[in-house]
Amino acid sequence: MSRTEQLTRTQGAEGRRRGRWLALSVLVLAVLLVAVDATVLGLATPALSEDLKPSGTQLLWIGDIYSFVIAGLLVSMGSLGDRIGRKKLLLVGATAFGAVSVLNAYATSPEMMIIARALLGVAGATLMPSTLALIRNIFHDPKERSLAIGIWGATASAGAAVGPVVGGALLQHFWWGSVFLINLPVMVVLVIVGIKLLPESKNPVAGPWDLFSVGLSLVGIIGVVYAVKQVATHGMGWQVWVAAVIGAGALYTFVRRQFTLPAPLLDMRLFKHRGFSGAVLADLLTVFGLSGLVFFLSQFLQLVQGRDPLEAGLAELPAAVGAVVTGLVAGRYARKYGVRVIVTGGLAAIGIALAALTVIHKETGYPLLGAALLIVGLGAGFSFTVTADVILSSVPKEQAGSASAVSETAYELGAALGIALLGSVVTGVYQGFTAPASVTGPVADAAHESLGGAVEAARSLDPQTAQQMVGAAQEAFVDGLRLASGVGAAVLLATAVAAWFLLKGQELQDGIEH
């Protein structure tokens, strides 16, 4: 081979290598937006409550319907990407995400806001599995892929934590709808650059897309999570039983149907692999702890400790820093010390940090809060990144969309459950606070709906009564936050123990794939 040919081949390889990482930057942009949108509303909640005046239940739905819909559709959209092409689905979804963001920004009622957030979830569901599936097909060297997944995972974890900072910066100068309009320029860049840089990939023998299974997965996940949320908030009722039975029945039918289809939406046999199932469980509960903590600390920092939105957002930044730092090195450490050591350690770290928050009070200083957030971020970066790598490496690249969807379903369902379950604990305790005897009727009702409602309702009272009512409401909110932190800590520590056994013998790949 001549020197010229060698130089040409070397330059070509270098170009392909550079192209892989440029393509990754586009995928990271997409996942960053979806992750930011999951938590950016946390700091906007007080302003949104003042403008749209939602009830406590409506406020929870505004916070978690986005993640519920994404979770319900991810398996379907991952399977669709395998069939029609992941690049095509990503670009269509990005365009829809930008358009629906405008609808969110200009919502004029709580009902319109809930619908708009649900539609944003539909668009978001097309993005997440496509990004991870494309990584699986772009990076064939497992060590390179681990680093790429580390960058992707760090972005996803950090995006959830950076959301409040972005929201705080925007809310300093603009109205709450600006947290959605920021999506537009980013999505324009993503689509234009993605058309040029991203390679297309799909499963050449994927088979038809089963619409009945799509409906079953959506109804099943939303039904079950709705039932859990309602039980925690309002106790058992006929609506809860109906939702639970319909949801569980739909999921049971979905699973049975997948075993009978020649080309299932999700290959259920994957879950027979102990390592795969353990990674999915760890994935879900890592995000459960992270998202629940970030969502409610945003309200604590603003409505209890009186910080402005930007200050509160910056106060939550340690979680993002921790997630980025450990996400980038998680694959290397998992190869050195073992998958189960890293994942179990990450889960235990989150659990310990949540346990530390069971002692907070209104005057708690920032060092404790900042340390807890940093430890949560470090744990999430380790656990989430390694479990995503395990899940993605367990299947042939033709099924990358479906496997990615499982990982992403765990992520989004964890976010939804973190807000719904921990939020329901907070709300349940909060609504029991005693308002001053002189506060009755609509003012008392509004105050008991949410802490934001109490702060707003207090403006119509005399200063002394207002101070008494807001003080009692803040104490009740902190009591709820302490209890929710304890529940979250117990769940994460129990999961760490389970992961130690489920991930025994699990290793990451080392050899280059061909």
Of the non-hydrogen atoms in [X] and [Y], which two are nearest, and what is the gap between them?
X	Y	value
H361	F300	O-CZ, 3.5 Å
G379	A349	CA-CB, 4.2 Å
G121	V69	C-CG1, 3.8 Å
G381	A330	O-CB, 4.0 Å
V122	L73	CG2-CD1, 3.8 Å
L492	G351	CB-CA, 3.7 Å

For [X], I'd like to know if atom [atom1] has over 12 heavy atoms of other residues, nucleotides or ligands within 6.0 Å.
X	atom1	answer
F501	CZ	no
Y252	OH	no
K362	NZ	yes

Measuring only between side-chain heavy atoms, which start at C-beta, is [X] closer than 4.5 Å to [Y]?
X	Y	value
F382	L347	no
L216	L251	no
R482	V426	no
T344	L503	no
V92	T126	no
L89	L80	yes
L481	V304	no
L147	E144	no

Spatial distance of atom [atom1] ([X]) from atom [atom2] ([Y]) [nearest 0.5 Å]:
X	Y	atom1	atom2	result
M268	L261	CE	CG	12.0 Å
S217	I222	OG	CD1	9.0 Å
L91	L190	CG	CG	7.0 Å
F97	N183	CZ	CG	5.0 Å
T387	L281	OG1	CG	10.0 Å
L297	I360	CG	CD1	6.5 Å

**Report entry** Chi angles and distances behind the side-chain contact (heavy atoms from CB on, under 4.5 Å) call for L181, S101
**Finding:** CA-CA 6 Å; L181 292 184; S101 293; 5.9 Å; no
Using atom types as modelled and distance alone, determine if a side-chain donor or acceptor of [X] lies under 3.5 Å from a backbone N or O of [Y].
X	Y	result
R307	Q302	no
R86	L134	no
N104	V100	yes
Q305	G365	no
T358	L354	no

Report task. Could you give me the CA-CA distance, side-chain angles and deciding distance for L90 and L27, then say whether side-chain contact (heavy atoms from CB on, under 4.5 Å) is met? Result -> CA-CA 9 Å; L90 178 70; L27 301 178; 3.8 Å; yes
Query raised in the report: Of T495, V343, I342, T326, which is the lone residue that meets side chain to side chain contact (heavy atoms under 4.5 Å, CB included) with S383?
Result: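 Single pass found, and it is V343.
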Query raised in the report: Picking from T385, V28, V324, what satisfies side chain to side chain contact (heavy atoms under 4.5 Å, CB included) with I151?
Result: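 Considering T385, V28, V324, a side chain to side chain contact (heavy atoms under 4.5 Å, CB included) with I151 is found only for V28.
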Report task. For side-chain contact (heavy atoms from CB on, under 4.5 Å), just list the numbers for D283 and V390, CA-CA rounded to whole Å, side-chain angles, deciding distance to a tenth of an Å, and then say yes or no. Result -> CA-CA 10 Å; D283 215 355; V390 169; over 6 Å; no
Report task. Decide side-chain contact (heavy atoms from CB on, under 4.5 Å) for V341 and Y333; before the verdict, give the C-alpha distance in whole Å, the side-chain angles of both, and the deciding distance to 0.1 Å. Result -> CA-CA 9 Å; V341 170; Y333 278 47; over 6 Å; no
